[in-house]
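Have a look at the structure below before the remarks.
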Amino acid sequence: MNEAGHGEDPRDGGIGGAEGPRDDGPGDSPGDAPGEAWRRLDRRVLLATAAVLCGVAGGAGLPTTLGLVGSRPLGQALSWVLAGAFLLVLGGTLVDYVRWRRTRYRIGSERIDLHTGLLLIKRRSLARERIRSVDLTANPLQRLLGLVKVRIGTGESTGGSESTLELHLVTRAEGELLRHELLARTATGPAGLPDEGALAVADPRWIRYAPVSFVAPALGGAAAGAVMQVSEWFGAQGEVIDWIGDRFRDVSVTWMIVDLVLVATAVGAVGALGLWVEMWWNYRLEREPGGTLRVRRGLLTARSVSFEERRLRGIEVVEPLGVRLFGAARVDAVATGLAKDDGDKHADLKTLLPAVPREIADRVAAQVLREPEPPTGVRLAAHPRAARTRRLRWALWSVAAPVALLALLGLLLTPVLLYVAAGCAVVLTPLAVLLALDAYRGLGHGVSGAYLVTRSGTVRRATVALQRSGVIGWTVKQSYFQRRAGVLTLTATTAAGEGAYAIYDAGESQGLTFAAEAVPDLLAPFIEPVPTPEARSTDR
């Protein structure tokens with residue numbers, strides 16, 4: 001997010017200045033001074049609306065004109081389309097003007113109030129003490145006009161917009177002022193550690209991890225699907241399929257599929273590179289005065305995500321399989337008051353650091369947690385061999401079931417499926433075994449100072465360092481097969497992040513002892529100590 005200019009007055013443009021109404025109507029919230037001024041959104045929001053509607057009208061006008069030209073003169077078709085575009089832009093702008101006139105907000109000493117609506121007036125109010133995050137977002141048009149959207153969140157999972165309040169749009173300077181004002185806290189860090197400053201900045205070399213992420217094949221598949229869908233709209237899907245067939249006329253079906261997969265993967269890799277640049281350009285993670293962590297990033301759409309450091313309960317170092325093969329990982333926050341922004345599919349608000357070399361991820365995790373050594377790098381206790389046996393059994397069953405189905409269909413329908421089943425068994429069995437062994441090697445748990453650490457997963461391996469003081473409960477699960485194997489699953493419950501973090505297939509005594517020692521007095525009343533052999537002989 002670009003910083004506001006030094007000479008820009010945050011009250012300009014009708015924000016809390018002379019244009020803003022200062023009445024103290026019946027909507028005033030208790031606890032606020034009666035003289036608190038109401039503020040308006042910036043009037044340049046009307047320009048943004050008109051520009052967007054012009055783009056929509058232009059995009060729809062061209063095909064409409066081409067469709068009308070066949071039955072009407074060109075001049076008449078153009079006049080109709082231009083008249084429709086004018087009405088669309090004018091009407092949409094007038095509607096937004098009414099919204100702008102009827103929208104006002106107020107920053108009180110205890111609450112934030114937002115009133116909007118013409119016939120059905122909506123009054124929203126948030127207590128300032130409940131505010132957990134203030135995020136600023138601006139697309140290219142909004143950045144050109146110097147505007148931002150401010151999203152104020154409480155982090156509560158109430159669904160819908162009940163836990164958030166959005167100001168659409170205010171000036172960049174006003175957004176920065178609101179962010180500092182609403183997140184201002186008095187906080188001091190441990191002695192010897194910096195209280196503020198940059199923790200990580202973008203390194204262009206990090207982009208090399210984009211093509212090996214799971215995004216690349218997804219984008220490749222989406223591109224192939226888009227080509228087929230667009231060709232169907234224009235009635236040319238058959239021609240596209242014939243063109244592809246002509247290119248691979250002298251190639252076997254197997255190699256044609258392999259080539260198409262490689263092409264889709266290459267297209268997806270290029271798309272992943274572009275997406276990484278858009279999301280992480282100008283990236284900067286910093287700790288600000290007052291105990292606030294802030295992430296700024298974005299090339300076309302600039303994003304600024306801020307949350308209180310005191311809401312942090314831990315760190316999650318995530319290693320997707322492709323990224324992990326290259327020794328990289330990303331860092332997510334485990335904090336209260338953070339949620340995924342459903343309005344922006346590319347804005348995962350908990351991500352503090354993109355995929356980077358693992359040693360950098362551990363170092364940044366330690367800096368975020370104000371720890372001298374990274375808890376996510378501690379040596380973890382291994383799980384019993386029964387956990388490995390369980391994973392190998394799951395892997396073999398996951399291969400055996402589809403292979404058996406293909407074989408059965410081959411006996412009933414066509415012998416070709418028998419060869420397919422044999423090929424799947426030969427290829428998938430060793431792959432499943434390797435993934436199972438890797439999943440077992442990834443299991444582990446331990447304690448590092450004030451943090452409980454757990455690790456699991458293979459396709460998506462995650463190492464979580466969770467504050468022991470943030471654990472509010474333990475859930476112990478043991479299925480019939482786990483009882484036979486002598487293992488169990490422990491789940492640490494917390495009010496932050498995903499809400500629960502599991503330790504899978506730990507030994508019975510190993511897991512219960514760990515839980516009792518990691519968070520004393522929470523599980524101890526439910527554990528009966530096993531007497532030692534010496535104690536048994538004394539009892540006799």
Side-chain angles (χ1 to χ4, degrees), residues 1-2 4-5 8-21 38-68 74-105 114-122 124 135-152 161 164-178 278 298-304 341-347:
M1 177 70 64
N2 296 332
E8 187 174 0
D9 185 356
R11 303 301 183 196
D12 289 345
I15 303 179
E19 288 189 14
W38 288 94
R39 313 179 189 180
R40 291 196 191 280
L41 304 178
D42 192 85
R43 65 170 68 248
R44 281 171 290 181
V45 66
L46 303 178
L47 292 177
T49 301
V52 171
L53 290 175
C54 285
V56 173
L62 180 59
T64 303
T65 303
L66 295 177
L68 292 175
L74 177 60
Q76 184 182 23
L78 281 176
S79 62
W80 285 13
V81 170
L82 290 176
F86 175 76
L87 292 177
L88 173 65
V89 174
L90 179 62
T93 305
L94 287 177
V95 170
D96 203 47
Y97 173 78
V98 174
R99 181 190 70 87
W100 175 78
R101 288 288 299 176
R102 299 296 299 175
T103 300
R104 57 180 184 166
Y105 67 97
L114 175 65
H115 293 181
T116 186
L118 179 59
L119 299 177
L120 181 62
I121 300 177
K122 294 178 61 177
R124 297 286 315 285
D135 308 326
L136 310 181
T137 307
N139 60 37
L141 177 61
Q142 293 164 358
R143 294 177 67 183
L144 182 64
L145 296 174
L147 304 175
V148 296
K149 180 174 71 173
V150 182
R151 186 175 186 269
I152 304 167
S161 59
T164 61
L165 188 150
E166 290 189 356
L167 303 179
H168 183 88
L169 301 156
V170 300
T171 63
R172 184 167 56 244
E174 176 73 357
E176 290 289 343
L177 183 64
L178 288 173
E278 156 60 16
L299 176 62
L300 299 178
T301 299
R303 302 174 179 90
S304 173
D341 185 358
D342 294 332
D344 187 349
K345 300 303 181 184
H346 297 153

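Using a 4.5 Å heavy-atom cutoff, the side chains of Ile152 and Thr164 are not in contact. Contact annotation: the side chain of Gln142 never approaches that of Arg172 to less than 4.5 Å [non-hydrogen atoms, C-beta and beyond]. Counting heavy atoms from C-beta on, the side chains of Thr49 and Leu53 come closer than 4.5 Å. Counting only heavy atoms from C-beta outward, the side chains of Arg39 and Leu178 approach each other to under 4.5 Å. Side chains of Leu114 and Arg104 form no contact here, defined as non-hydrogen atoms less than 4.5 Å apart. Side chains of Val148 and Val150 form a contact here, defined as non-hydrogen atoms less than 4.5 Å apart. In this structure, the side chains of Ser304 and Asp135 stay at 4.5 Å or more apart for every pair of heavy atoms. Residues Arg124 and Glu166 have side chains not in contact (no heavy-atom distance under 4.5 Å, counting atoms from C-beta outward).
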Stepwise side-chain contact (heavy atoms from CB on, under 4.5 Å) check, Tyr105 with Val170: CA-CA 11 Å; Tyr105 67 97; Val170 300; 3.9 Å; yes

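Rounding to the nearest 0.5 Å gives a distance of 13.0 Å between CG of Leu147 and OG1 of Thr137. With rounding to the nearest 0.5 Å, the separation of CZ in Phe86 from OG in Ser79 is 14.5 Å. Atoms NZ and CG, from Lys149 and Leu41 in turn, are 12.5 Å apart once rounded to the nearest 0.5 Å. The distance from atom CD of Glu278 to atom CG of Leu299, rounded to the nearest 0.5 Å, is 6.0 Å. Going from atom CZ of Arg43 over to atom CZ of Arg101 covers 8.5 Å, rounded to the nearest 0.5 Å.
Of the possible polar contacts, one joining the Arg44 side chain to the Leu145 backbone as a donor-acceptor pair under 3.5 Å is found. Between the side chain of Glu176 and the main chain of Ala173, no donor-acceptor pair closer than 3.5 Å is present. Side-chain atoms of Thr103 do not come within 3.5 Å of backbone N or O of Trp100 as any donor-acceptor pair. Put simply, the side chain of Arg143 gets close to the backbone of Leu300: a donor and an acceptor are under 3.5 Å apart. Not one N or O on the side chain of Arg303 forms a donor-acceptor pair closer than 3.5 Å with the backbone of Leu136. Counting only distance, with no hydrogens or angles, the side chain of Arg102 and the backbone of Gly117 share a donor-acceptor pair below 3.5 Å.
Residues Leu141 and Ala48 approach most closely at CD2-O, 3.6 Å, considering heavy atoms.
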